[in-house]
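Everything below concerns the one structure shown next.
Below, read A as the first sequence line, B as the second, and so on, with proteins coming before strands; counting in each chain starts at 1.
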Amino acid sequence: MNKLLRDLMSRKTFIFSVVVIGFFAVLAVAAPFLTPYNNPYRVGQQFVAAPYAVPAWATVFPQYKNLPPDVRITLTPSLAYESSGEVSQLNSSTLKVTVPPGDTVNVTFPLRWNWSSPYDVRLSFTLVTPNTQYFQVNLFVRDFYLMSLSPLPIPPEVTVVPGKPNPVIFSTELVNPGNSPYVASLPVQDQSLASLELPKMLLPKPGTYNVTLSFVNTGKTTEMFLVTLPGYSSLGYAYGRLGTDDNGASVFSEFVYGARFDLYLSLVASAIIIGIGLIIGLLAGYVGGFTDLTLNAFTDFFLLIPGLPLLIVLISIFDITGTIVNVNKAVLILLIISLLSWPGTAKIIRGQTLTLRNRTFVEAARALGESRMRILFKHIVPNLMGILFAQLAYDVPGVILAESGLDFLGLGITEFPTWGNMLGYATNNVSFVNGFAWWWVLPPGLGIVFISVAFYYFGTAMLDVLSPYKLRGE
Amino acid sequence: MIEGKDLRVYFKTRDVEVRALDGVSVAVKEKEIVGVVGESGSGKTTLGRTLLNLQRPVGGEVLWNGKNVFKLRGREEREFRRRNQIIYQNPYEAIDIRLKVYDVIAEGIRVHRLASNKEEEKEMVMNALRDVGLNPEEEYAYSLPNQLSGGQLQRVAIARALVLNPTFIVADEPVSMLDMSVRAGILEIFQRQREEKGTEILMITHDISTLGYIADRIYVMYQGKVIEHGSADALLEKPLHPYTQALITAVPIPDPSERAKLFSVKIKEKEEEYNGKGCKYYPRCPFAMQSCREKEPELKGVSSDHYVACYLY
Amino acid sequence: MIFEESTDNLLQVNSLKTYYKTKTGFVKAVDDVSLFVDRAKVLGVAGESGCGKSTLVTTIFRVTPRNAQVMSGEVKYKGQDILNMDLKVFRRDIVWKEIAYIPQASMDVLDPVYKIKDQMLETILEHEDLSKADALERIYKALENVGVPAEKADMFPHELSGGQRQRVVIAMALLLSPSMIVSDEATTALDVITQAKILELMKSLQENRKFSMMFVTHDLSLLANISDSIAIMYAGKLVEFGDVEKVFGNPLHPYTQLLLKAIPDLRYRKQRRLVAIPGFPPDLENPPKGCRFAPRCPLAMPICREVEPEFSRVEGFHYVACHAVNKK
Ligand SMILES: Nc1ncnc2c1ncn2[C@@H]1O[C@H](COP(=O)(O)OP(=O)(O)O)[C@@H](O)[C@H]1O
Ligand SMILES: Nc1ncnc2c1ncn2[C@@H]1O[C@H](COP(=O)(O)OP(=O)(O)O)[C@@H](O)[C@H]1O
Ligand code: SF4
Ligand SMILES: [Mg+2]
Ligand SMILES: [Mg+2]
């Protein structure tokens with residue numbers, strides 16, 4: 001055993017395969033710990049950043065240098081108010097603003113912005129107004145009059161309930177002429193573009209920008225406002241380990257869960273393929289005679305079925321007719337791929353069994369008085385181990401490619417990410433992006449290539465060390 | 001006592017039929033070492049395999065203590081397998097080289113349940129290793145076959161057979177793959193086995209000179225036929241069949257003064273194909289006569305322990 | 001080493017060392033071997049398998065495996081150092097034309113996809129400026145000389161029997177009339193009768209055409225029949241070298257003596273028992289100190305395990321490397 005291991009470890013290709021497979025296996029197993037998004041194709045798990053955000057580390061490249069990350073900060077007022085009696089700190093997160101009758105008090109929150117424009121801009125705070133009808137609170141960023149809050153709404157003003165805490169949210173995504181004085185002031189044809197254009201206008205480039213809340217008291221008595229420190233947040237164009245896709249979903253999460261699915265699929269499918277292949281091949285090769293003839297004909301029949309086209313037809317039929325509603329589509333695909341792929345393995349096992357059966361050491365076992373069963377399990381099957389691993393080497397990439405192919409064409413799984421449909425969506429959307437979303441295309445592409453090559457190397461190395469008769473026997 | 005009677009084994013490969021055994025009768029009596037000699041392809045291996053019921057003949061029978069071995073079933077068949085063993089020419093082929101030497105030898109013990117516990121099994125294996133001259137036996141027991149030389153591995157193969165206490169062994173060219181210098185040691189094991197346990201041995205070889213040292217009787221085969229047989233003394237000292245004579249002359253003698261002999265082998269290059277009815281040897285026989293081409297000669301006794309199939313006698 | 005007995009030297013090997021480099025060290029497959037072959041003479045080289053015979057041959061013929069390394073020594077053919085000769089020149093001027101090589105597996109020489117005729121034609125035309133018709137003529141004659149009917153020239157190697165194939169290989173080796181033939185286990189895979197016939201053929205060709213031959217085999221008894229001188233190798237060392245009569249008539253090295261006793265000889269089957277040499281050849285990566293045969297030698301003395309015996313002349317053309325002999 002030790003020798004076997006040493007032999008294996010001396011092969012660079014084997015080390016490579018173990019490292020690669022190990023890497024993906026760890027990814028697959030640790031997926032829930034690596035990312036909170038277990039199915040980034042669900043709407044709730046999208047828009048974790050701007051669509052087509054580049055990976056965070058890519059900002060080291062000059063062309064991505066100024067792209068903003070997701071930003072979420074609490075703004076603090078500028079120090080100038082410390083001395084004036086009108087604005088005071090109630091507690092660490094709340095300001096008290098006292099406005100004399102007929103007066104206006106502006107509270108300015110400077111926002112330090114180090115990047116180019118973000119995808120959107122969101123501001124949120126809670127406002128407690130005096131219990132009167134005579135006030136208005138306006139929100140400005142720079143000079144843009146973004147929001148107006150008042151107890152008596154006349155659009156574009158937004159209602160607040162006097163004397164109660166009111167959660168206020170401003171979002172460039174949600175602006176319309178009905179809730180934003182700025183948008184209402186635009187020519188009609190530009191109003192609908194406002195949510196796209198606003199972030200660029202509010203935060204055009206690195207610099208310090210003022211967010212201003214202006215409290216207006218139109219009443220006759222001095223009134224008091226309470227306001228929490230506003231939270232600023234925006235989705236950035238640089239996100240996470242692998243950026244985002246067209247829906248702003250984390251590509252890293254898709255990749256990790258794709259790896260999980262692809263590995264799972266290929267292992268289960270290979271187990272089925274090798275299981276069926278081994279049983280049929282062994283029976284045909286070892287029992288021989290009529291059994292062999294029948295099984296061989298059966299195998300040939302399956303072998304002659306054109307695999308991929310049939311796969312596509314079958315899946316489309318099941319899909320369109322909805323015949324099998326209760327069966328998970330992934331399971332269906334797995335079963336169909338397995339059932340179409342075992343004949344090659346069966347043929348090879350049969351051939352190998354035939355030659356093994358005629359080898360001298362098998363006859364020697366017979367001469368020793370060993371029963372047929374004992375010969376089968378003590379001498380034939382162990383000597384097939386190498387070939388079995390070699391089959392694993394060819395089957396796993398085969399299964400991965402077949403499944404990815406289906407997904408790529410949009411015929412396979414669509415409900416959750418697999419490497420195949422990552423590739424498919426990524427290439428479908430190429431035209432939308434400025435250039436090509438390499439962080440979206442490369443991981444699944446390389447993943448498929450690496451895992452296929454790794455399994456191939458793994459299998460051939462095992463074949464080498466486990467089948468002494470084929471390669472080393474004299 | 002094992003006896004093959006009129007054995008016929010035909011192999012069909014594509015359209016040609018090879019008569020590997022064409023009416024061969026042999027007998028190995030109590031405590032005998034019987035030699036079978038002939039060129040490659042003459043059917044020696046097939047004969048050994050047929051005697052041990054590893055190859056079904058199309059005709060003839062093999063009697064083991066009077067019982068037809070092809071009809072043995074159940075307990076009797078297992079007993080037959082245990083008591084009759086075979087050693088092959090190439091030990092690397094004949095042993096499942098994934099297994100440790102210990103397991104190779106223990107295999108037979110396990111199959112026939114000869115040991116009641118692990119200690120007993122181990123003792124049997126170690127004794128067998130010692131018997132075939134592999135010591136320190138502990139060291140050999142736990143090595144893998146491909147760590148051993150051909151000679152050592154052949155001893156392992158022999159130990160695997162001897163551990164079952166066989167009464168009959170087919171030794172199919174057990175030394176032809178091995179160096180001259182280790183052959184004697186292997187042959188000695190067989191001789192000792194015969195002397196101590198009375199084991200009957202069928203020693204197959206293509207080199208008649210080794211048989212001179214160990215065989216009691218010798219069968220000479222040519223293309224699926226026994227063409228001469230008799231006691232080793234009679235056959236080696238007075239070979240009758242032209243083919244046997246050629247076989248003996250062709251043995252190189254380690255003595256420069258006897259050079260002329262090796263170069264006086266009387267045999268023709270095959271000039272015509274065998275016509276299907278005459279003596280199988282006539283195309284190469286320098287003494288062939290007209291009658292030789294017409295009908296196959298039968299084995300005839302020239303003395304009580306010497307038989308030859310040749311029209312010259 | 002200078003051999004006074006070499007009167008008409010054709011090939012001379014001087015203190016040749018060929019080692020194989022492995023992961024763990026060097027396999028000393030040929031270790032300080034000196035010998036010679038005279039014109040029109042046959043040198044037989046014998047020894048157990050693994051003692052370095054093939055390594056010696058492949059070194060001379062410059063076809064060693066890649067991990068082989070000539071550590072020191074020289075091989076002189078007609079006075080020319082052929083080990084240091086430019087390989088292209090060696091292939092053009094020496095191979096086939098001067099020295100021809102018959103390896104063990106004759107199938108390796110014959111390419112299964114070409115007809116016999118075409119393979120022989122290529123050999124001739126590569127080295128000589130000859131018309132195709134003349135070359136074919138020569139091929140037919142060469143085949144007939146080795147007892148293969150000329151019409152077999154149109155066949156593929158697998159259509160011939162083993163003996164015939166070996167004859168074809170011999171015919172090929174002789175096509176360009178080399179002065180020397182090196183054969184490595186040329187008859188090992190053959191049946192006894194075929195072997196005798198091939199030996200007879202080689203010997204008669206050698207005597208008629210007066211080429212030299214280096215005949216390598218593990219079967220010492222063959223050498224008694226065809227060689228003029230004998231070299232016995234053991235574990236990479238030359239242990240005995242001398243005239244064939246002397247080596248067989250009066251074997252000096254205990255190894256040679258034991259080897260001879262291991263050969264079955266029908267003349268003495270009643271008087272003698274076959275003897276096996278006890279033990280196994282040593283690991284050539286870590287050969288024993290002193291005489292490499294000492295662990296298996298019945299005559300070994302304390303000095304044998306310490307000091308390597310010198311390879312020296314006993315009397316006439318008879319050299320041996322053994323303390324027991326040198327002491328006398
Ligand atoms: N399993 C087989 N299938 C077909 N032909 C065989 C088989 N075994 C042996 N033969 C043929 O039978 C003949 C005798 O073979 P074999 O008994 O092995 O001879 P030997 O042992 O004397 O060399 C040969 O011509 C060989 O090719
Ligand atoms: N390519 C090689 N690498 C390492 N060792 C080798 C190689 N070829 C041969 N040897 C070793 O060198 C020794 C001599 O081998 P060889 O010359 O083939 O012996 P012989 O022809 O006498 O049987 C043996 O111990 C063999 O194991
Ligand atoms: S019977 Fe005739 S052909 Fe056959 S061996 Fe005797 S003499 Fe030769
Ligand atoms: Mg055979
Ligand atoms: Mg060799």
Euclidean distance, C:I193 CD1 relative to B:K266 NZ, rounded to 0.5 Å:
12.5 Å

Side chain, backbone, both or neither: which part of C:L199 has a non-hydrogen atom closer than 4.5 Å to chain B?
both

Tested for side-chain contact (heavy atoms from CB on, under 4.5 Å) against B:P252, the lone hit among C:L222, C:L220, C:T187 is C:L222

C:K261 portion near chain B, given a 4.5 angstrom heavy-atom threshold:
neither

Just by modelled atom types, is the B:I253 backbone N or O under 3.5 Å from a matching donor or acceptor in the C:D265 side chain?
no

Can you give me the closest heavy-atom contact between B:L262 and C:A196, atom names plus distance?
CD1-CB, 3.8 Å

Looking at C:R272, C:R267, C:E245, which makes the most heavy-atom pairs under 4.5 Å with chain B?
C:R267

Please tell me if the side chains of B:M180 and C:E48 come closer than 4.5 Å, counting only heavy atoms from C-beta onward.
no

Over 12 foreign heavy atoms within 6.0 Å of CZ, C:R209
yes

Under 4.5 Å from a heavy atom of chain B, the part of C:V244 involved
both

Check this for me, if you would: do B:R259 and C:E200 make a salt bridge, where the nitrogen-to-carboxylate-oxygen distance has to be below 4.0 angstrom?
no

Heaviest contributor of heavy-atom pairs below 4.5 Å to chain B, chosen from C:A276, C:G50, C:S221, C:G163, is C:S221

So, does C:D191 use its side chain to make a donor-acceptor pair with the main chain of B:S40 at under 3.5 Å?
yes

What part of B:E237 lies closer than 4.5 angstrom to a heavy atom of chain C: side chain, backbone, both or neither?
side chain

Of all of C:T194, C:L190, C:I226, C:T188, which one pairs up most often with chain B through heavy atoms under 4.5 Å apart?
C:I226

Given 3.5 Å as the limit, does a donor-acceptor pair link the side chain of B:D179 with the main chain of C:S49, or not?
yes

With a 6.0 Å cut-off (strictly less than), is the heavy-atom count around CD of B:E139, excluding the residue itself, greater than 12?
no

Among the listed options B:I267, B:T249, B:D233, the residue most often paired with chain C at heavy-atom distances under 4.5 Å
B:D233

Does atom NZ of C:K41 have more than 12 heavy-atom neighbours from other groups under 6.0 Å away?
no

Under 6.0 Å from the NZ atom of B:K238, do we count more than 12 heavy atoms belonging to anything else shown?
no

Interchain contact, B:I186 with chain C, by part (heavy-atom threshold 4.5 Å):
neither

At what distance, to the nearest 0.5 angstrom, does OG of B:S257 lie from CZ of C:F248?
10.5 Å

Intermediate values then yes/no, side-chain contact (heavy atoms from CB on, under 4.5 Å), B:S181 and C:L258
CA-CA 8 Å; B:S181 58; C:L258 284 170; over 6 Å; no

What residue in B:I214, B:D255, B:D207, B:V251 has the most heavy-atom pairs under 4.5 Å with chain C?
B:D255

Please classify the contact of C:I263 with chain B as side chain, backbone, both or neither, using a heavy-atom distance under 4.5 Å.
both

Do other residues, nucleotides or ligands put more than 12 heavy atoms under 6.0 Å from B:K31 NZ?
no

What part of C:L201 lies closer than 4.5 angstrom to a heavy atom of chain B: side chain, backbone, both or neither?
neither

Partner chain C: residue of B:P256, B:G212, B:A184 with the largest heavy-atom pair count (under 4.5 Å):
B:P256

Report the distance from atom CD of B:E188 to atom CG of C:L274, rounding to the nearest 0.5 Å.
9.0 Å

Strictly below 4.0 Å, N to O, side chains only: are B:E269 and C:K197 in salt-bridge contact?
no

For the residue pair B:S209 and C:P264, what are the closest heavy atoms and their distance?
OG-CG, 3.4 Å

Using modelled atom types only, decide if a donor and an acceptor are shared between the side chain of C:R269 and the backbone of B:Y213 within a distance under 3.5 Å.
no

